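In this text the structure is predicted, and so the values were computed from the model without any measurement.
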Amino acid sequence: MPVRDRRAAVQPALVLDRTAARPRAVVLLLHGGREEGVEPPARLSLPGARMWPFTRAVLRATDGYDVVVGRVRYRCRGWNGSRADAARDTRRALDELEPLVGPVPVVLVGHSMGGRAALAAAGHDLVSGVVGLAPWCPPGEPVEQLTGRRTVLLHGDRDRVTDPRGSVELAARARAAGAEACAVLLPGGDHAMLRRPRTWHTLATHSVTALLGMEPFPGPVRHAFPEPAEDGTDPVQRA
């Protein structure tokens, strides 16, 4: 259900799949895209379809808990360099959300470019946590906005589209900056999340419900928030 504003020159960035009379929290999902592309995403697209199983899983897991579930609608298919269009649209969706739900915690769940957008927008006042699925984490990506948020990055170690080492490096830099962040590598996992789909869905969904305070983190994620090793290395948990 799009949240419409007839005064807006562009379509709203916020699309809601479930509302609540008295919202206690919100989960927003962000699909992937391209490095470049200023044309609008197709209404039915493969990146969007990849997120539907996660949306359904989150809807089931949070049923009865007054959790609003929605999506971010992009104006452009691509990130588009310094324009960072997907991140701008994510912040716009959060701004549209705030007057509807008030100051409730929001968890962002993003795949690939959507993961990069979720991480970039994590500094918004509403955001309490991020779950990145095979996120696009270029070298030197900012991490200061993750301070005070909890961040879980899930990445297949056979991903040939986005580098799993980028997730490991970003999580380490975020921890060094004072954030609570971890990276979990899925052996055999690919970028499209078609290999080991049950593991992807289970870890992602239970990470979301843990970030909402509904249950503990799943084992591989819980163990991926370790104290630094005695030799100074920064261990990464493999699921």
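Not one N or O on the side chain of R77 forms a donor-acceptor pair closer than 3.5 Å with the backbone of G33. At distances below 3.5 Å, not a single donor-acceptor pair connects side-chain atoms of D89 with backbone N or O atoms of A13. Using modelled atom types, one side-chain atom of D157 and one backbone atom of G188 make a donor-acceptor pair closer than 3.5 Å. Using modelled atom types, one side-chain atom of R73 and one backbone atom of P12 make a donor-acceptor pair closer than 3.5 Å. Between the side chain of T147 and the main chain of E144, a donor-acceptor pair closer than 3.5 Å is present. With hydrogens and angles disregarded, no donor-acceptor distance shorter than 3.5 Å links the side chain of R150 to the backbone of A181. T205 places no side-chain N or O within donor-acceptor distance of the main-chain N or O of T202, the cut-off being under 3.5 Å. When atom types are taken as modelled, the side chain of R149 and the backbone of V130 share no donor-acceptor pair closer than 3.5 angstrom. For D63 (side chain) and A61 (main-chain N/O), no donor-acceptor pair under 3.5 Å exists by modelled atom type. Checked by atom type and distance alone, the side chain of Y74 pairs as donor or acceptor with a backbone atom of H31 at under 3.5 Å.
Every residue two or more places apart in sequence or in another chain was checked for a ring pair (Phe, Tyr, Trp, His ring centres under 6.0 Å) with H124, and none qualifies.
The two residues A134 and T162 make their nearest non-hydrogen contact at O-OG1, 3.1 Å. Minimum interatomic distance between C182 and A224 (heavy atoms only, all atoms of both residues): CB-O, 3.0 Å. For L29 against M51, the heavy-atom pair with the smallest separation is CD2-CE, 3.7 Å. Minimum heavy-atom separation, P220 to V184: O-CG2, 3.9 Å. Of all heavy-atom pairs between G115 and P135, the closest is CA-CB, 4.1 Å. Of all the heavy atoms in A93 and V72, the pair that sits closest is CB-CG2, 4.0 Å.
Atom CZ of R24 has 12 or fewer neighbouring heavy atoms from other residues, nucleotides or ligands inside a 6.0 Å radius. The number of heavy-atom neighbours closer than 6.0 Å to CZ of R34, taken from other residues, nucleotides and ligands shown, is 12 or below.
Between P23 and D66 the shortest side-chain heavy-atom distance does not fall below 4.5 Å. Here the side chains of L186 and L203 are in contact, with some heavy-atom distance below 4.5 Å. Within the 4.5 Å cutoff, the side chain of W200 has heavy atoms near those of the L154 side chain. Proximity of V106 to L97: side-chain heavy atoms (C-beta onward) are separated by under 4.5 Å at one or more points. Residues L108 and V127 meet the side-chain proximity criterion, which asks for heavy atoms closer than 4.5 Å. Annotation: side chain of R75 is in contact with side chain of R88 (closest heavy-atom distance under 4.5 Å).
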Distance-only criterion, 3.5 Å: show the donor-acceptor pairs between side-chain atoms of residues 35-46 and protein atoms not counting sequence neighbours.
unit_1 : atom_1 : unit_2 : atom_2 : d
S45    : OG     : G48    : N      : 3.2

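For the atom pair CG (L211) and OG (S128), the distance works out to 6.5 Å, reported to the nearest 0.5 Å. To the nearest 0.5 Å, the span separating OG on S112 from CG on L30 amounts to 11.5 Å. Note that CZ of R91 is 13.5 Å distant from CG of L126, once rounded to the nearest 0.5 Å. From L28, atom CG reaches atom CG of L14 across 6.0 Å, with rounding to the nearest 0.5 Å. The structure places CZ of R165 at 11.5 Å from CG of D159, a figure rounded to the nearest 0.5 Å. The CG atom of L170 sits 6.5 Å away from the CG atom of L146 when rounded to the nearest 0.5 Å.
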Practice item. May I have the step-by-step check of side-chain contact (heavy atoms from CB on, under 4.5 Å) for V109 and V27, ending in yes or no? Key: CA-CA 7 Å; V109 183; V27 180; 3.9 Å; yes

Exercise for review: Begin with the C-alpha distance, continue with both residues' side-chain angles, and end with the deciding distance and a verdict on side-chain contact (heavy atoms from CB on, under 4.5 Å) for F217 and V152.
Suggested key: CA-CA 10 Å; F217 281 106; V152 177; 3.9 Å; yes

Practice item. Mind running side-chain contact (heavy atoms from CB on, under 4.5 Å) on V143 and R175 for me, showing each step along the way? Key: CA-CA 9 Å; V143 295; R175 287 193 296 273; over 6 Å; no

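Put simply, V221 and M214 are part of the same group of oily side chains (I, L, V, M, F, W, Y) that touch within less than 4.5 Å, one to the next. Both L59 and Y65 are members of a single hydrophobic cluster when ILVMFWY side chains are connected at heavy-atom separations under 4.5 Å.
At a threshold of 4.0 Å, the pair D95-R92 does not count as salt-bridged, since none of the basic side-chain nitrogens sits closer than that to a carboxylate oxygen. The existence of a salt bridge linking D17 and R71 is confirmed by a sub-4.0 Å separation between a basic side-chain nitrogen and an acidic carboxylate oxygen.
For H201 and F54, the ring centers are positioned less than 6.0 Å apart.
Identified under the salt bridge (Lys or Arg N to Asp or Glu O under 4.0 Å) test for residues 178-201, with sequence neighbours left out: none. Every pair passing salt bridge (Lys or Arg N to Asp or Glu O under 4.0 Å) that includes a residue from residues 105-129 is listed here, sequence neighbours excluded: R116-E141. For residues 145-169, no residue pair satisfies the ring-ring contact (aromatic ring centres under 6.0 Å, His included) rule, not counting sequence neighbours. Residue pairs satisfying the side chain to side chain donor-acceptor pair (under 3.5 Å) criterion with at least one member in residues 47-57, sequence neighbours excluded, are absent.
In this pair, H191 and H111 present their aromatic rings tilted. The plane angle is within the 30 to 60° band.
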